[in-house]
Amino acid sequence: MLIPTLSPGASSFTHHRATLRLSEKFILLLILSAFITLCFGAFFFLPDNSKHKRFDLGLEDVLIPHIDSPKEGKHASGQEAKEKLRKSREELQAEIQTEKNKVMEDLKKTNAGPKPLPPVPMPRVVGINDGEPPEPDVKEKRDKIREMMKHAWDSYRQYGWGYNELKPLAKKGHSTNIFGNSQLGATIVDALDTLYIMGLHEEFKDGQEWIEQNLDFSVNAEVSVFEVNIRFIGGLLAAYYLSGQEVFKLKAVQLAEKLLPAFNTPTGIPWAMVNLKSGVGRNWGWASAGSSILAEFGTLHMEFVHLTYLTGNPAYYQKVMHIRKLLAKMDRPNGLYPNYLNPRTGRWGQHHTSVGGLGDSFYEYLLKAWLMSDKTDTEARKTYDDAIEAIERHLIRKSNGGLTFIGEWKNGHLERKMGHLACFAGGMFALGADGSPDDKAGHYLQLGAEIAHTCHESYDRTVLKLGPEAFKFDSGLEAVAVRQNEKYYILRPEVIETYWYMWRFTHDPKYRQWGWEAAQAIDKYCRVSGGFSGVKDVYSSTPTYDDVQQSFFLAETLKYLYLLFSSDDLMPLESWVFNTEAHPLPLVISGRASCGDSPHLL
């Protein structure tokens, strides 16, 4: 059998050699690619001294930044890193602490507060001390009020110093969500001017020292814009004007700057709360679909006008005038201002109108803006008069028993209930009587007297002779609380405030008599060894305590009682206007918004 053989031909050989060459080329290409990849990879994995190097030393991560020196270059930075590694733990900790201290010092310089304030003249302060009454029995009562203030202050000084408020039974500090989670010494700031007016100057000095050394607003705390404005800014401004001590002015301005971010809303109507550190604002969740509250954004004018005067910064004045202009353009149902306004849309929320809680001090500040301007802010006066006319028409009624009361308007219906907070209106009507349109001064003075009488009845018809939080005028009951959660008394000042204004304008002795009844009841039923406490049921002969000494008890209740038993030359109303927390501020003329003038003192 013949086995065929393959003859070596040119074409066969040539094909075989070409195949080998392609394989070799492919292998060479792979080797070359691997070499290039290796080179580039090595380049990228080389140490880069231009980056920060983190060394885990077991105690803290130390971040060592490198900055190339034009002379030393990268070699010096590497040497520096080696030196760092050679150091002991103690040396590194010391360096860390030094750097921390340096950062803290830089932060302190950054947060040292506003730039030096422009020099402005101090007002001519009138009637800021003495006021001793000529009658011995009245002087004795005034001395008793002063002793009550001393007890409230000394108890706070001993058990709650630096906290916002006091728990007098537990004998420890207390705070509420209106001050956030920080201890800002609210009672100290709120009580300062009362201490000064009463001549308790050692106590005043203690409060001043605490404020100088401890009051810091650069804290991560969400606070009520309204509450810190009336208590802190109002209290600090009053303390400044009374004493002339610059620290109070500086602290007031530092806080005011922290409040300004609250106005960053689509309408310029401020949020109810603002975080003092971040500047983030929001509204109370319960307030009519995220609305702002009339009594809160409408109770900034007095303090903000003074802030513009003291700082030369027109922003404060412009903020409050913008609110007034916006409200003037809005429709008002039946001429009434609803308590809720949405700061995003600029529309009213629920149609609920009240001269008590949620609405009260808005009307008060319209009148007091006019008074504080030495009666030159006629726009404020006209707005007040129009509002009061609508309130008289729709909210003020007389009960079957002849008691004049102020109800609440809710969605077209009048609720025949009056709150303790609304009892301030008696004093407001009397304060605004002079200057009323159509010669109605006598009418409004009489209306103030009627409200004072009704509120006195709410006290007189209880077992403790202290007024409930709210009281009704229907179902045969008049000036009496019905619900259990409306029977408490938390040391509120509004009724005594009205007594004082009515005394100043009429000198009817019944107002001092009624004030003394209230003072005796407070001293008998609210006084405990650790201060003064609210009570939960004014209709019970054996009341339980709420264990809170409110800061406004020292700021307002005791101040108004002291002034009630003082002569009229102490804090004369011709020279001072009291904010809604009873902090007295001097007259200041506001420039018209149209010409942009800054406010100036008389």
Side-chain angles (χ1 to χ4, degrees), residues 130-153 191 194-195 197-200 403 420 423-427 430-431 445 448-469 471 479 489-528 531-535 538-539 541 543 549-550 552-573 578 582:
D130 195 20
E132 184 171 309
E135 307 91 342
D137 61 323
V138 177
K139 181 182 181 302
E140 185 179 340
K141 290 170 182 173
R142 190 175 90 137
D143 289 344
K144 174 59 181 176
I145 303 303
R146 191 172 184 267
E147 183 276 329
M148 291 169 68
M149 177 67 181
K150 189 89 164 61
H151 177 62
W153 175 264
T194 305
L195 294 169
I197 290 167
M198 290 185 177
L200 296 170
L403 296 177
H420 192 290
C423 285
F424 92 98
L431 185 62
L445 193 61
E450 291 176 11
I451 296 298
H453 173 66
T454 298
C455 293
H456 175 257
E457 286 298 308
S458 77
Y459 274 53
D460 202 46
R461 298 180 185 191
T462 71
V463 172
L464 303 186
K465 305 304 178 186
L466 293 170
E469 182 69 5
F471 39 96
Y489 173 70
I490 56 172
L491 308 172
R492 286 203 186 276
E494 291 78 20
V495 174
I496 295 165
E497 175 184 355
T498 280
Y499 293 164
W500 174 60
Y501 279 113
M502 292 307 303
W503 164 256
R504 279 284 176 101
F505 290 114
T506 69
H507 287 129
D508 187 329
K510 72 182 179 186
Y511 296 114
R512 276 183 166 170
Q513 177 191 334
W514 292 351
W516 184 239
E517 289 172 4
Q520 286 180 303
I522 291 170
D523 199 53
K524 181 176 182 180
Y525 295 110
C526 299
R527 184 172 184 142
V528 295
F532 289 87
S533 169
V535 291
V538 293
Y539 299 96
S541 57
Q549 180 176 282
Q550 306 277 352
F552 57 67
F553 177 65
L554 293 81
E556 301 183 74
T557 311
L558 292 174
K559 183 187 285 124
Y560 285 131
L561 280 169
Y562 187 78
L563 292 171
L564 181 61
F565 298 108
S566 299
S567 59
D568 291 359
D569 58 0
L570 181 62
M571 309 306 296
L573 292 173
F578 288 75

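Side-chain atoms are counted along with the backbone in the values below, which use heavy atoms only and exclude waters and symmetry mates. Positions are given from 1 along the sequence.
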Partners of S533 by side chain to side chain donor-acceptor pair (under 3.5 Å), sequence neighbours excluded? D546
Over all atoms of both residues, closest heavy-atom pair of M502 and G426: SD-O, 4.1 Å
Test ring pair (Phe, Tyr, Trp, His ring centres under 6.0 Å) applied to F552 - qualifying residues, sequence neighbours left out: none
Is R527 salt-bridged to E147, going by a charged N under 4.0 Å from an acidic O? yes
With a 4.5 Å heavy-atom cut-off, do L563 and W503 have their side chains touching? no
For M149 versus A191, what's the shortest heavy-atom pair and its separation? CE-CB, 3.9 Å
Exercise: identify the closest heavy-atom pair between R142 and D130: NH1-O, 2.9 Å
With rounding to the nearest 0.5 angstrom, report the CD to CD distance, Q550 to E556. 10.5 Å
By side chain to side chain contact (heavy atoms under 4.5 Å, CB included), A425 pairs with (sequence neighbours left out) V355, I406, M428, F429
Quick one: list whatever passes side chain to side chain donor-acceptor pair (under 3.5 Å) with K141, sequence neighbours left out. none
Which pairs pass salt bridge (charged side-chain N to carboxylate O under 4.0 Å, His left out) with one or both residues in residues 457-468, sequence neighbours excluded? E457-R461, D460-K465
Apply side-chain contact (heavy atoms from CB on, under 4.5 Å) to residues F578 and K559 and explain how you reach the verdict. CA-CA 11 Å; F578 288 75; K559 183 187 285 124; 4.1 Å; yes
Contacts of H453 meeting ring pair (Phe, Tyr, Trp, His ring centres under 6.0 Å) (sequence neighbours excluded), chain-then-number -> none
Can you pull out every side chain to side chain donor-acceptor pair (under 3.5 Å) where at least one residue sits in residues 489-502? Sequence neighbours excluded, please. H420-E494, E469-R492
Which of parallel (below 30°), tilted (30 to 60°) and perpendicular (above 60°) describes F532 and F553? tilted
Looking only at non-hydrogen atoms, find the nearest pair between Y511 and A452 and report the distance. CE2-CB, 4.0 Å
Salt bridge (charged side-chain N to carboxylate O under 4.0 Å, His left out) contacts touching residues 499-512 (sequence neighbours left out): R504-D568
Can you confirm whether E140 is buried at CD, in the sense that more than 12 heavy atoms of other residues, nucleotides or ligands lie under 6.0 Å from that atom? no
Taking all non-hydrogen atoms of both residues into account, name the closest pair between L558 and A152 and its distance. CD1-CB, 4.4 Å
Does K150 have any salt bridge (charged side-chain N to carboxylate O under 4.0 Å, His left out) partners at least two apart in sequence or in another chain, and if so, which? D154, E203
Residues which pass disulfide (SG to SG under 2.5 Å) with C455, listed by chain and number, not counting sequence neighbours: C423
Partner set under salt bridge (charged side-chain N to carboxylate O under 4.0 Å, His left out) for E517, not counting sequence neighbours: none
Counterpart residues, salt bridge (charged side-chain N to carboxylate O under 4.0 Å, His left out), relative to D137 (two or more places apart): none
For A582 and A555, the nearest pair of non-hydrogen atoms, with its separation, is CB-O, 3.6 Å
